[in-house]
Number of protein chains: 2
Amino acid sequence: MTTSIKDVALLAGVSVATVSRALGNGPVSPTLRAKVEAAVVQCGYRPNLSARRLRSQHTRTVGLIVSDICNPFFTAVGRAVEDVAYRAGMRVILCNTDENPDKEAMYLRLMQEERVSGVIFAATRATADALDTAELGFPVVMIDRAGAAARCDAVLLDNRLAAAQLVEHLLERGYRRIGGLFGNTSSTGAERHAGFAEALQRAGLPVAARFVAPSAAAAQAELAAWLREAAPPEALVASNGLLLLGAAKAVRAAGVAVPQRLALAGFDNDSWTELAEPGMTVIEQPVEEIGRVAMEMLLERLRQPERPPRKVVLAGRLVARGSSLARA
Amino acid sequence: MTTSIKDVALLAGVSVATVSRALGNGPVSPTLRAKVEAAVVQCGYRPNLSARRLRSQHTRTVGLIVSDICNPFFTAVGRAVEDVAYRAGMRVILCNTDENPDKEAMYLRLMQEERVSGVIFAATRATADALDTAELGFPVVMIDRAGAAARCDAVLLDNRLAAAQLVEHLLERGYRRIGGLFGNTSSTGAERHAGFAEALQRAGLPVAARFVAPSAAAAQAELAAWLREAAPPEALVASNGLLLLGAAKAVRAAGVAVPQRLALAGFDNDSWTELAEPGMTVIEQPVEEIGRVAMEMLLERLRQPERPPRKVVLAGRLVARGSSLARA
DNA sequence: ATGGCATGAGAAAACGTTTTCAATCGATAG
DNA sequence: CTATCGATTGAAAACGTTTTCTCATGCCAT
């Protein structure tokens with residue numbers, strides 16, 4: 001039997017209401033407050049958060065739903081979310097969906113049962129478009145991927161611009177036959193593809209883009225096949241860290257010289273991109289900021305439920321490395 | 001106002017007890033069960049987990065306390081823990097301690113307030129030694145680091161053996177002046193140092209070990225300084241993935257040839273170790289298995305609270321790569 | 001003096017479940 | 001034909017809090 005507020009009240013010689021008020025910030029005379037505090041330490045009382053949540057009707061809990069926390073991008077974002085959350089006295093429930101809409105639906109239902117205060121969500125395209133935030137019962141902040149119709153807060157990268165920047169960087173360095181590898185489940189992949197295609201069209205060049213499942217293995221297989229085709233690209237853009245990793249593995253396995261036979265560029269300044277020869281050219285996303293801002297927006301929304309939804313668009317930073325050296 | 005079990009009962013024309021039983025696995029006639037299920041979908045009822053936890057007195061929640069989920073080792077372990085947990089109908093609360101004993105204490109207190117079913121814990125040395133699992137009120141499974149006195153379950157790597165393996169591998173390849181970089185906060189660092197030292201002593205060689213804070217930055221700074229000293233090592237063992245990363249950055253910054261001027265070997269088969277030239281020799285830990293087994297042991301312990309504590313010791317796998325090529 | 005009025009405290013209701021306890025009913029055994 | 005038993009069901013208690021709702025007290029203004 002664990003000790004409850006009743007035991008504390010008995011020990012301190014006051015009512016349970018007084019104990020509750022002393023522990024919270026209710027009006028209690030200094031005398032009784034001291035008595036209560038003494039009783040609390042004496043019997044090692046720990047409040048029961050389930051009871052507190054049930055009665056007070058707010059759980060101080062947020063859900064963080066991402067595809068896979070093992071993706072360094074989400075790892076870093078998640079860490080930032082948690083830091084801000086815990087500092088604000090909130091708990092975080094982490095959910096990995098593996099880009100699977102069924103799992104997304106399941107976890108959203110779970111969030112309802114948990115009566116979470118809100119959710120930070122990197123949704124699949126299908127789910128993002130269909131999301132009805134009104135009937136969900138809690139506010140949602142989208143990250144990384146935008147919802148089409150979803151009238152909710154979001155913090156995003158300027159994906160079109162970033163992808164276009166990569167293409168222009170490669171053009172500047174003298175590359176012409178530029179291929180692209182994009183994830184096929186998220187709106188992010190689509191947006192980056194759009195920026196990629198626009199930049200190439202502006203330059204009057206053909207657009208060679210392929211869509212794959214968002215995993216390193218899929219990217220590796222796709223690029224390996226591509227390199228065996230008749231006219232492989234001179235440079236490749238990969239639309240996220242996982243795909244870039246797969247691409248790097250494929251070129252290494254095929255013994256293709258980077259950047260002499262194939263230049264590489266992509267997204268996410270993961271730690272390996274600096275170490276892998278000759279260094280990967282990437283768009284670095286402000287991962288810590290994305291997580292922090294998302295959580296702050298959620299807290300803000302909880303304070304002002306009726307505030308109009310806001311989208312924060314952050315800029316990526318081009319980190320040029322050896323994988324896109326100027327063409328000889 | 002969200003709909004409660006009462007509304008469902010009213011709609012179905014039965015008592016709340018019957019609804020509860022129909023939703024759980026109580027004895028209910030097929031007729032009423034069907035009525036209840038119809039009512040549930042009709043009014044979109046979602047059980048309130050806080051209320052359920054309060055009444056039933058088990059939270060179906062486990063805490064996962066690690067130093068930093070951004071460390072790929074813990075990311076992978078955490079993912080495995082969560083998969084097993086969700087499949088068993090349990091929730092996971094993730095806590096990052098940054099190797100800070102104060103944060104560890106704070107999170108343990110939080111776990112008590114959450115009335116968690118149990119905790120999976122990668123503890124600092126100080127905390128692990130002082131851990132009194134009896135007065136905590138929930139079972140603990142230690143991972144990665146052992147508790148000295150702690151009479152609780154644990155799943156660990158055979159650290160001494162693994163470290164010795166690395167040393168012997170380097171000896172075989174012809175290296176003699178072998179240095180080591182170890183984390184100074186965990187028992188794991190200490191154990192790996194022990195294995196490292198024993199292997200060198202068996203070979204009649206001097207032991208050159210340095211202890212640093214468990215971060216890439218600390219390792220990088222320490223090695224950079226070391227390389228400027230009079231007699232720098234010919235080969236270096238780094239006691240975890242972060243330290244190895246720092247070491248790799250240091251040698252790259254100093255323009256030191258690997259393995260010609262300095263061979264490198266370490267722990268954790270993180271994705272960058274394969275890509276970074278000339279490939280890092282590492283001990284691969286069975287990360288997925290560590291997380292899975294830890295969660296399974298916790299579930300087992302919840303079923304049989306009085307079972308004697310069990311320690312599972314897993315073996316690492318040596319992955320030899322270019323960074324420890326045979327000496328010319 | 002007297003009528004508010006702010007302040008501090010306790011009693012009791014409420015939060016949404018699960019679980020215990022008692023009751024009803026049909027059927028089966030004696 | 002009746003007593004007993006098993007299976008369902010509902011009423012009500014319980015889980016540990018927070019939040020009314022009262023009430024007593026002392027103080028200030030009239």
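For clarity, every value in this text was computed on a predicted model and none was experimentally measured. To find a chain, count down the sequence lines: A is the first, B the second, and so on, and within it residues start at 1.
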By side-chain hydrogen bond (donor to acceptor under 3.5 Å, both in side chains), which residues pair with [X], not counting sequence neighbours?
{"X": "B:Arg55", "value": "none"}
{"X": "A:Thr124", "value": "A:Glu104"}
{"X": "B:Asp7", "value": "none"}

Within the modelled atom types, does a donor on one side and an acceptor on the other bring the side chain of A:Arg55 and the base of D:dT17 under 3.5 Å apart?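 Answer no: no donor N or O sits under 3.5 Å from an acceptor.
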Distance-only donor-acceptor test (3.5 Å): side chain A:Arg52, base D:dT17: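 No pair found.
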With sequence neighbours excluded, give me every side-chain hydrogen bond (donor to acceptor under 3.5 Å, both in side chains) pair touching residues 29-39 of chain A.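 side-chain hydrogen bond (donor to acceptor under 3.5 Å, both in side chains) check on residues 29-39 of chain A returns no pairs.
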Just the rounded figure in Å: distance from [atom2] of [N] to [atom1] of [X].
{"X": "A:Leu49", "N": "D:dT18", "atom1": "CG", "atom2": "P", "answer": "10 Å"}
{"X": "A:Leu10", "N": "D:dG16", "atom1": "CG", "atom2": "C1'", "answer": "15 Å"}
{"X": "A:Arg53", "N": "C:dA14", "atom1": "CZ", "atom2": "C1'", "answer": "19 Å"}
{"X": "B:Leu54", "N": "C:dA14", "atom1": "CG", "atom2": "P", "answer": "17 Å"}
{"X": "A:Asn48", "N": "C:dC15", "atom1": "CG", "atom2": "C1'", "answer": "13 Å"}
{"X": "B:Tyr45", "N": "C:dG16", "atom1": "OH", "atom2": "C1'", "answer": "7 Å"}
{"X": "B:Ile5", "N": "D:dA12", "atom1": "CD1", "atom2": "P", "answer": "17 Å"}
{"X": "A:Glu113", "N": "C:dC15", "atom1": "CD", "atom2": "P", "answer": "20 Å"}

Just N and O in the side chain of B:Ser4: are any of them under 4.0 Å from OP1 or OP2 of C:dG16? no
Under 4.0 Å between a side-chain N or O of A:Ser56 and OP1 or OP2 of D:dT18? no
Nearest to the side chain of B:Ala17, heavy atoms from C-beta on, is which of D:dT17, C:dT18, D:dG10? D:dG10
Of the listed nucleotides (C:dG10, D:dT18, C:dC15), which one gets closest to any side-chain atom of A:Gln57? C:dC15
Heavy-atom contacts under 4.0 Å between residues 19-36 of chain B and DNA chain D, which residues?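 Hits under 4.0 Å, by residue number: B:Arg21, B:Val28, B:Ser29, B:Leu32.
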Taking ring-ring contact (aromatic ring centres under 6.0 Å, His included) as the test, write out the residues that go with B:Tyr45, two or more places apart.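 B:Tyr45 satisfies ring-ring contact (aromatic ring centres under 6.0 Å, His included) with no other residue.
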N-O pairing of A:Arg303 and A:Glu300 below 4.0 Å: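 Looking at A:Arg303 and A:Glu300, the cut-off is met.
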N-O pairing of A:Arg292 and A:Glu288 below 4.0 Å: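 Yes, this pair counts.
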